[in-house]
J.: 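First the structure, then my questions, so here it is.
Note that the coordinates shown come from a computational prediction; the quantities given were computed from them, not determined experimentally. We name chains A, B, ... by the order of the sequence lines, and we start the count at 1 in each one.
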2 protein chains.
Amino acid sequence: MFSAHPEPTVDVRRSHAGLTSSSFDDRMASATIRRLLAKEHVFCEGDKRDHVFYVEEGVIAVYKTLPDGRRQIIDFAYPGDLIGLGVLGEHVLSAQATATSRVKCLSAATLERIAETDARLALKLYKSVCHELAATRSLLVTVGQRSAIERVAAFLVRLHRRTGVEESSTINLAMRRSDIADLLGLTIETVSRTLTKLRTMGAIEIEQGGTRVHLRDLGRLLELANE
Amino acid sequence: MFSAHPEPTVDVRRSHAGLTSSSFDDRMASATIRRLLAKEHVFCEGDKRDHVFYVEEGVIAVYKTLPDGRRQIIDFAYPGDLIGLGVLGEHVLSAQATATSRVKCLSAATLERIAETDARLALKLYKSVCHELAATRSLLVTVGQRSAIERVAAFLVRLHRRTGVEESSTINLAMRRSDIADLLGLTIETVSRTLTKLRTMGAIEIEQGGTRVHLRDLGRLLELANE
DNA sequence: CGGCGTTTTGAGATATCTCAATGGGAGTGG
DNA sequence: CCACTCCCATTGAGATATCTCAAAACGCCG
């Protein structure tokens, strides 16, 4: 379904789909593991798209840069997500670990061949694009319409939903302020100031090093996020 | 492929795919036509998603609103685009004509039924999501990273590529300043001022009523857009 | 002509950015 | 174990792009 048709544009990126197709599972079991340190790249825009990566641990920032170096992070990929899917021979986005991470490297050609006969897998890939699209639209609304405090609150809430362990309202950012800034279309300083404002308001607590954040008043954050 | 699987999130929106599958063509031929005046809605967020719409003429703004009324336009749909596709029973976005428009109303259930057996159509729908995703990411980069003048220049260039007749570098906005503002995450006034700045610079000429714009210096616009 | 919706323009307010300095934590090497 | 360095986060102060509020001009339609 994917590889047979040359296609002029896009690149599919992440899957929330549980990966249960049996032939796919076989692949997963025998796949190569790659470990990354913070700031290491999984792939770059323009690289040959010969692998698809399944995130097992850590956080991967998927982003696009402008010619002058400005960077927009499109999304963060967490364990269980699939990155690097697409219909083109080259990656149109870059992906970089924001913290120590581990990914499984899957052959793109093989995956796409399996998808041709395995309707369940094909459907999962399709759904993953839909999820991706929804997430991107949601971020677009945030960046286009919300103020700094709303953006940061929305980010925290979303991160909590995505990675938060039940009951615990402490989240591990596992990334730098610059990553948050590039996701939200703000500067590092504004992100920092906004976090301290949220702290001052009593909505959050920031632990040592500023990477762990305790969401003290989730209701307040939701309200601020305007969701 | 689409209807059989209840799915918790998204809504696929637009297709650039040439629509040539024969059973689909039959549907198209017998479909109901709906004519819309500017500001009329094609559908609203939360509406039952029983139809998919093929834009034949005009411009349809597809958007999302925040609880307090702020609006982010996700994209404009032009003739040849398909809107309202998705995997959910309800629309998650709203769609409104920005100018007099004409759409063909297609039964969502039927379309999805055909897609289950017609691989070519299914593939086209898949590709349309990919295109949509690429367009949304591109807009996200614009809104998150670019200045007002860069955003407006990028918008004009994109509109020209999308709807511009060969050779003619005059484009018809067919929408209000408020629509452009809500697409780019700016205010009406900033859009207006930015357009006059581009005019003063000699990059564009604005015709009567401000709806037709002549791109006088496309190179300059491209440069400004930072693409 | 008169009214309405829209665009343009102006002037002042403000959120965010920029530039710069300070401080903290982690790692390194003496 | 203590400098020392590096990277990152925080904080401050001033600059600025964009927003807000307000008024005027324009184009369209009855």
J.: Under 4.0 angstrom, heavy atoms only, what part of the nucleic acid is B:K197 near: base, sugar-phosphate, or nothing?
T.: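 Nothing, no nucleic acid heavy atom in range.
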
J.: Quickly work out the B:L173 CG to C:dT6 C1' distance and round it to whole Å.
T.: 13 Å

J.: Do B:E189 and B:S192 get their side chains close enough for a donor-acceptor pair, meaning under 3.5 Å?
T.: no

J.: Which residues satisfy the side-chain contact (heavy atoms from CB on, under 4.5 Å) test with A:R102, sequence neighbours excluded?
T.: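 Partners of A:R102 by the side-chain contact (heavy atoms from CB on, under 4.5 Å) criterion, ordered by chain and then number, come out as A:I33, A:R35, A:E56, A:E57.
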
J.: Note down the inter-axis angle between the two ends of the helix from C:dC1-D:dG30 to C:dG30-D:dC1, five pairs each, to the nearest 10°.
T.: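 Between the axes fitted at each end of the helix from C:dC1-D:dG30 to C:dG30-D:dC1 lies an angle of 30°.
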
J.: Indicate yes or no: at least one non-hydrogen side-chain atom of A:R176 is less than 4.5 angstrom from one of A:T211.
T.: no

J.: With nearest nucleotides of DNA chain C determined for A:R151 and A:G209 from heavy-atom distances, which residue corresponds to the more 5′ nucleotide?
T.: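 Of the two residues, A:R151 wins.
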
J.: Nearest whole angstrom, please: distance from the P of C:dT7 to the CZ of B:R199.
T.: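 It is 15 Å, rounded to the nearest whole Å.
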
J.: Are B:T196 and C:dT9 close enough that a side-chain N or O sits under 4.0 Å from OP1 or OP2?
T.: yes

J.: Expressed in angstrom and rounded to an integer, what is the separation of A:R177 atom CZ from C:dG25 atom P?
T.: 13 Å

J.: Between A:S94 (side chain only) and A:E45 (backbone N and O only), is there a donor and an acceptor less than 3.5 Å apart?
T.: yes

J.: Please list, in 5' to 3' order, the outermost nucleotides of DNA chain D lying under 4.0 Å from any heavy atom of chain A.
T.: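 Boundary nucleotides touching chain A, in 5' to 3' order, are D:dC8 to D:dA13.
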
J.: Once you round it to whole Å, what is the distance between C1' of C:dT9 and CZ of B:R193?
T.: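 Answer to the nearest Å: 7 Å.
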
J.: For A:I149 and for B:S192, find the nucleotide of DNA chain C with the closest heavy atom, then tell me which residue's nucleotide is more 5'.
T.: B:S192

J.: Side chains of B:R151 and B:Q145: donor-acceptor distance under 3.5 Å anywhere?
T.: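 No - no donor-acceptor pair under 3.5 Å links their side chains.
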
J.: Going by side chain to side chain donor-acceptor pair (under 3.5 Å), A:E205 matches just one of A:R212, A:H214, A:R216, A:R199. Which one?
T.: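 The single option meeting the side chain to side chain donor-acceptor pair (under 3.5 Å) with A:E205 is A:R216.
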
J.: Using a 3.5 Å distance criterion without hydrogens, assess whether the side chain of B:E90 forms a donor-acceptor pair with backbone atoms of B:D47.
T.: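 Here the side-chain-to-backbone pair does not exist.
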
J.: Main chain of B:V59, side chain of B:S101: is a donor-acceptor contact present, judged purely on distance under 3.5 Å?
T.: yes

J.: With heavy atoms under 4.0 Å as the rule, sort B:L195 into base, sugar-phosphate or nothing.
T.: nothing

J.: Taking any heavy-atom pair under 4.0 Å as a contact, classify B:E189: base, sugar-phosphate, or nothing.
T.: base

J.: Taking CD1 from A:I206 and C1' from C:dG25, how many angstroms apart are they, rounded to a whole number?
T.: 16 Å

J.: Do any N or O atoms from the side chain of B:D179 and from the backbone of B:A181 form a donor-acceptor pair under 3.5 angstrom?
T.: no

